[in-house]
Amino acid sequence: MEVARLPWRRSTRSEDHGNCVELALPSWRRSTRSDETGGHCVELAALPHAIGIRDSKAPDAGHLALTRRAFADLLARAKQDSLPR
């Protein structure tokens, strides 16, 4: 995804005229496989050069960024149930 396509938000510290700071923030989506009780929640975001993965219960704890190829490999291994436990 191109940075230009990310949603941009103006900083609350920006002035009305000039001195504006805008931030490109990824749009995080919760996995359809996440359960509704709040457990096992995974969120994904398309980043400019990667796919972001984070725990929805701790969004400020950071995220893992995988290349698109690595993410596709991860999904394939998960579908085959061949991930280490």
Side-chain angles (χ1 to χ4, degrees):
M1 170 178 275
E2 297 175 24
V3 174
R5 294 182 65 199
L6 289 171
W8 289 84
R9 290 183 174 75
R10 182 176 290 202
S11 168
T12 57
R13 302 268 181 175
S14 295
E15 299 173 4
D16 289 334
H17 306 288
N19 297 328
C20 297
V21 175
E22 292 190 23
L23 305 171
L25 302 174
S27 177
W28 291 93
R29 294 180 304 238
R30 181 172 291 179
S31 169
T32 57
R33 299 283 183 166
S34 297
D35 69 25
E36 295 181 15
T37 63
H40 307 293
C41 299
V42 175
E43 292 181 333
L44 304 174
L47 305 175
H49 301 289
I51 301 295
I53 305 170
R54 73 179 184 185
D55 181 347
S56 65
K57 296 179 299 306
D60 294 329
H63 66 273
L64 175 65
L66 297 176
T67 64
R68 292 180 185 332
R69 182 180 187 116
F71 182 71
D73 291 344
L74 174 67
L75 285 181
R77 291 181 67 191
K79 289 177 182 178
Q80 296 168 358
D81 198 25
S82 64
L83 294 172
R85 296 186 190 257

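Along the sequence shown, the residues carry numbers beginning at 1. All values below come from the heavy atoms of this structure, side chains included, with hydrogens, waters and symmetry mates left out.
Atom-to-atom distance recorded for Glu43:CD and Ser27:OG is 9.5 Å, nearest 0.5 angstrom. Rounding to the nearest 0.5 Å places CD1 of Ile53 at 10.0 Å from CG of Leu47. Interatomic distance, CD of Gln80 versus CG of Leu75, reported as 11.0 Å (0.5 Å rounding).
The heavy-atom pair separating Arg54 from Gly62 by the smallest distance is CB-O, 3.6 Å.
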### Query
Should Ile51 and Arg68 be marked as a side chain to side chain contact (heavy atoms under 4.5 Å, CB included) after you check the CA-CA gap, both sets of side-chain angles, and the distance that decides it?
CA-CA 6 Å; Ile51 301 295; Arg68 292 180 185 332; 3.0 Å; yes
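Annotation: salt bridge (Lys or Arg N to Asp or Glu O under 4.0 Å) contacts of Asp73 (sequence neighbours excluded): none. The side-chain hydrogen bond (donor to acceptor under 3.5 Å, both in side chains) check on Asp60 picks up nothing, with sequence neighbours excluded.
Applying the ring pair (Phe, Tyr, Trp, His ring centres under 6.0 Å) definition to pairs two or more places apart or across chains, those involving residues 63-85 are Trp28-His63.
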